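Here the structure is laid out as structure tokens; the discussion comes afterwards.
Worth saying up front: this structure is predicted, and the values here are computed from it rather than measured. Start at 1 with the first residue, then count along the sequence.
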Amino acid sequence: MGKGEFYIQAIGIEGRSQTLISRLLSVWEASVRASHHFLTEADIVRLTPQAEEALRHIETLWVTGHGPRLIGFMGVQERKIEMLFLHPDYFRKGLGKELVQRAFDELSVEFVDVNEQNPDAKMFYERMGFKVFKRNERDSEGNPFPILEMRR
């Protein structure tokens, strides 16, 4: 797939309509179901409002798409990638790498947290130059999902 087929667009807080948030949550859910196998159905239901809140308020939100189809997004706050989710149809096609590289170039990103139980994400970020510097037993919401803090 040529990069020209895809767009990356910054969406300011005022531009985040309920329709857009709903579309992004659909991408988030599809991505989580395909990559976060440690989560139960109840976990996904419980995490959805947190994801929605993050999408509404994250400092920098970039969405990526192909024509009319919204296929992913990345949220960055204070030089840290807080969320990066792609629809599973677009895993391993270079979009995640493109988003992260742009975040390095434009936002001086240095940090990311990864679920320890998502080894593919850890490997992806290692390939992008991040290294684990700390492990936490629980995520930032206190859930029992170990988090690896990574720094570039």
Side-chain angles (χ1 to χ4, degrees), residues 6 8-13 15-18 20-65 70-152:
F6 298 94
I8 297 172
Q9 180 181 0
I11 307 290
I13 289 176
R16 299 176 197 172
S17 67
Q18 185 55 50
L20 175 65
I21 297 292
S22 295
R23 291 175 68 201
L24 293 173
L25 282 172
S26 293
V27 169
W28 172 83
E29 183 177 340
S31 183
V32 164
R33 289 184 186 283
S35 61
H36 291 60
H37 305 290
F38 57 93
L39 294 176
T40 65
E41 188 64 30
D43 291 331
I44 292 170
V45 168
R46 188 171 40 76
L47 292 170
T48 299
Q50 293 171 22
E52 181 173 356
E53 188 69 11
L55 284 165
R56 288 190 185 287
H57 299 289
I58 192 88
E59 183 176 81
T60 301
L61 177 66
W62 289 344
V63 300
T64 184
L70 205 59
I71 56 176
F73 62 89
M74 180 171 67
V76 176
Q77 185 107 8
E78 298 173 9
R79 297 189 351 258
K80 181 179 178 187
I81 297 171
E82 295 287 352
M83 51 184 151
L84 172 54
F85 293 93
L86 296 171
H87 189 280
D89 292 349
Y90 294 88
F91 284 2
R92 294 176 181 81
K93 300 207 184 301
L95 278 169
K97 181 178 180 180
E98 191 173 334
L99 283 162
V100 172
Q101 188 58 56
R102 184 167 163 184
F104 290 158
D105 296 344
E106 296 182 22
L107 302 173
S108 302
V109 159
E110 291 184 61
F111 301 97
V112 67
D113 290 351
V114 177
N115 288 98
E116 185 177 65
Q117 296 145 301
N118 186 353
D120 289 344
K122 180 178 179 264
M123 282 191 328
F124 167 76
Y125 286 113
E126 285 173 340
R127 285 195 306 271
M128 294 301 299
F130 288 90
K131 291 184 177 17
V132 174
F133 71 92
K134 186 176 178 188
R135 180 184 184 274
N136 300 302
E137 274 303 315
R138 296 182 172 271
D139 70 12
S140 61
E141 304 294 324
N143 299 306
F145 308 126
I147 295 294
L148 302 174
E149 294 185 41
M150 302 180 82
R151 177 186 297 132
R152 179 173 184 245

Inter-residue atom distance Tyr125.OH - Asp113.CG, 0.5 Å rounding: 10.0 Å
Pro144 to Arg138 - nearest heavy-atom pair and separation: N-NH1, 3.5 Å
Minimum heavy-atom distance Val76-Glu59, with the two atoms named: O-CB, 3.6 Å
Within-4.5 Å side-chain heavy-atom neighbours: Lys122 and Glu116: no
Arg46 CZ to Glu41 CD distance, which is reported to the nearest 0.5 Å: 12.0 Å
CD on Gln18 to CG on Leu25, rounded to 0.5 Å: 8.0 Å
Separation of Arg152 CZ from Phe130 CZ (nearest 0.5 Å): 7.0 Å
Check against side-chain contact (heavy atoms from CB on, under 4.5 Å), Leu84 and Val112: CA-CA 10 Å; Leu84 172 54; Val112 67; over 6 Å; no
Side-chain heavy-atom pair Val100, Val109 within 4.5 angstrom cut-off: no
Flag side-chain contact, heavy atom, 4.5 Å: Trp28 against Thr48: yes
Contacts of type side chain to side chain contact (heavy atoms under 4.5 Å, CB included), residue Glu53, not counting sequence neighbours: His57
Main-chain N/O of Glu141 paired to Asp139 side chain as donor or acceptor, under 3.5 Å: yes
Atom pair CG (Leu107) and CE (Met74), whose distance is rounded to the nearest 0.5 Å: 7.0 Å
Salt bridge flag under 4.0 Å for residues Arg102 and Asp105: no
Those residues that, when tested against Phe124, pass ring-ring contact (aromatic ring centres under 6.0 Å, His included) (two or more places apart): none
Over 12 foreign heavy atoms within 6.0 Å of CZ, Arg56: yes
Smallest separation among heavy atoms of Ala34 and Phe91, with atom names: CB-CE2, 3.9 Å
Parallel, tilted or perpendicular, as decided by the 30° and 60° cut-offs, for the rings of Tyr90 and Phe6: perpendicular
Candidate pair Leu24 and Leu61, rule side-chain contact (heavy atoms from CB on, under 4.5 Å), full reasoning: CA-CA 11 Å; Leu24 293 173; Leu61 177 66; 4.0 Å; yes
Ser35 side chain to Ser31 backbone, donor-acceptor under 3.5 Å: yes
Stepwise side-chain contact (heavy atoms from CB on, under 4.5 Å) check, Met150 with Glu126: CA-CA 9 Å; Met150 302 180 82; Glu126 285 173 340; 3.7 Å; yes
Within-4.5 Å side-chain heavy-atom neighbours: Ile44 and His36: no
Taking every non-hydrogen atom, the tightest pair across Arg135 and Leu148: CG-CD2, 3.8 Å
Flag side-chain contact, heavy atom, 4.5 Å: Val63 against Val27: no
Ile8 CD1 to Thr64 OG1 distance, which is reported to the nearest 0.5 Å: 5.0 Å
Side chains of Asn115 and Leu39 in contact at under 4.5 Å (non-hydrogen atoms): no
Validation row: Ile58, Arg16 side chains within 4.5 angstrom (heavy atoms): yes
Pairwise side-chain contact, Glu149 with Phe111, heavy-atom cut-off 4.5 Å (strictly under): no
Heavy-atom closest pair, residues Gly15 and Leu20: O-CD2, 4.0 Å
